[in-house]
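None of these values were measured; they are calculated from a predicted model. Both backbone and side-chain heavy atoms feed into the values below; hydrogens, waters and symmetry mates do not.
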Amino acid sequence: MTAAASDLRAGAVARLRLSPPEWPLVAPLGLIFVGFFLAPLALLVWTSMHADAEMTRLGPESWMRFLGDPFYLKVAADTLLLGLKTVALTLVLGVAIGLIFLEASPAQRTALLFIIILPLLLSVVVRTFAWIVILGSEGVVSNAALALGLTSAPFSLLQTELGLIISLAQIELPLMLLPLLSVMGRIDPNLLDASRALGASRWRTLWRVILPLSAPGLTAGCLLVFASSTAAFISQSVIGGGRLIYMPLVIWQQSIVVYNWPFAAVVSLCLLISVLGVIGVIHWLGRRVRA
């Protein structure tokens with residue numbers, strides 16, 4: 001049987017190698033990818049190589065200005081930390097909702113998925129401005145704290161990092177939940193029953209069974225939330241105001257207000273490279289957990 005199975009595998013590999021190339025099917029999508037992504041990216045790299053705002057000469061001055069200024073390096077670090085903090089909060093909320101999803105009936109799961117998808121039907125601008133009402137000095141959070149006696153005076157979470165992280169977590173939560181619940185919905189309930197039958201506590205079942213099996217969904221959700229939250233210009237500008245400065249705001253200021261396109265291109269490329277680097281680390285950690 002082993003020899004027969006080996007022959008079958010060898011025949012399948014041979015057929016795959018001898019099959020005609022399928023590049024004509026991929027060519028249209030490849031051309032679209034080149035036209036709408038690689039070409040603008042190449043133009044962005046070319047723009048960043050200019051030394052002055054008028055783009056009259058080439059030089060590394062724009063890159064040296066960004067990499068040599070501690071202010072812009074701090075802005076880059078704050079942007080990445082904002083994404084990581086948002087990922088951490090959405091991860092906790094996502095796992096909690098995922099556990100509820102595991103125990104729910106099929107009808108309850110359908111209702112829960114509808115509730116998760118419903119915010120995506122609203123514009124990000126609408127959801128962000130709704131948080132102004134919630135986080136303001138006369139908002140729900142301030143009034144609730146006053147009613148519970150946690151504070152003696154109204155307060156505002158607007159233009160604070162905490163308020164921005166809370167609002168981003170709610171806005172980006174569907175991006176965490178959709179891949180996570182998709183993976184969790186395929187977990188065999190018999191595995192959970194077997195874990196409990198062998199004497200494992202609920203926490204041990206969570207750490208040793210549920211989370212490892214949910215690692216692909218967790219990884220995908222973390223990637224989506226991090227990439228989206230670091231580039232969330234609307235939320236960062238509306239909730240953060242002028243007190244919180246992140247890389248998307250710098251890009252907007254340099255390109256629209258100052259008209260320094262080379263420096264805006266440098267900041268854009270640095271944002272792209274740094275986000276891709278963190279995404280690579282998250283993907284590597286996800287593979288380590290699955291292994």
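At least one donor-acceptor pair closer than 3.5 Å links the side chain of S142 to the backbone N or O of F155. Checked by atom type and distance alone, the side chain of D52 pairs as donor or acceptor with a backbone atom of T56 at under 3.5 Å. No donor-acceptor pair closer than 3.5 Å links the side chain of R127 to the backbone N or O of L120. With hydrogens and angles disregarded, no donor-acceptor distance shorter than 3.5 Å links the side chain of S214 to the backbone of G217. Between the N260 side chain and the S255 main chain, no donor and acceptor come within less than 3.5 Å of each other. No donor-acceptor pair closer than 3.5 Å links the side chain of S235 to the backbone N or O of A232. Checked by atom type and distance alone, the side chain of S167 pairs as donor or acceptor with a backbone atom of G163 at under 3.5 Å. Without hydrogens or angle criteria, Q236 side chain to S229 main chain gives a donor-acceptor distance under 3.5 Å.
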Does the pair I166 and W131 meet the rule for a side chain to side chain contact (heavy atoms under 4.5 Å, CB included), with working shown? CA-CA 9 Å; I166 292 173; W131 277 103; 3.7 Å; yes

Stepwise side chain to side chain contact (heavy atoms under 4.5 Å, CB included) check, Y246 with L80: CA-CA 9 Å; Y246 299 102; L80 298 180; over 6 Å; no

Test L82 against L168 for side chain to side chain contact (heavy atoms under 4.5 Å, CB included), laying out the working first. CA-CA 9 Å; L82 175 68; L168 279 177; 4.0 Å; yes

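A cation-pi arrangement is not found for R65 relative to Y72, the charged atom failing to lie both closer than 6.0 Å to the ring centre and inside a 45° cone about the ring normal.
V278 and L269 fall within a single hydrophobic cluster, where Ile, Leu, Val, Met, Phe, Trp and Tyr side chains are chained together by heavy-atom contacts under 4.5 Å.
Side-chain atoms of S228 and E172 form a donor-acceptor pair, as typed in the model, at a separation below 3.5 Å. Under the 3.5 Å distance criterion, with hydrogens and angles disregarded, no donor-acceptor pair is assigned to the side chains of S137 and S156.
Side-chain contact between I245 and D78 is absent, with no heavy-atom pair separated by less than 4.5 Å. Within the 4.5 Å cutoff, side-chain heavy atoms of L206 are placed close to those of V95.
Residue-environment remark: CZ (R243) stays at or below the threshold of 12 foreign heavy atoms within 6.0 Å.
The structure places CD1 of I116 at 7.0 Å from CG of L173, a figure rounded to the nearest 0.5 Å.
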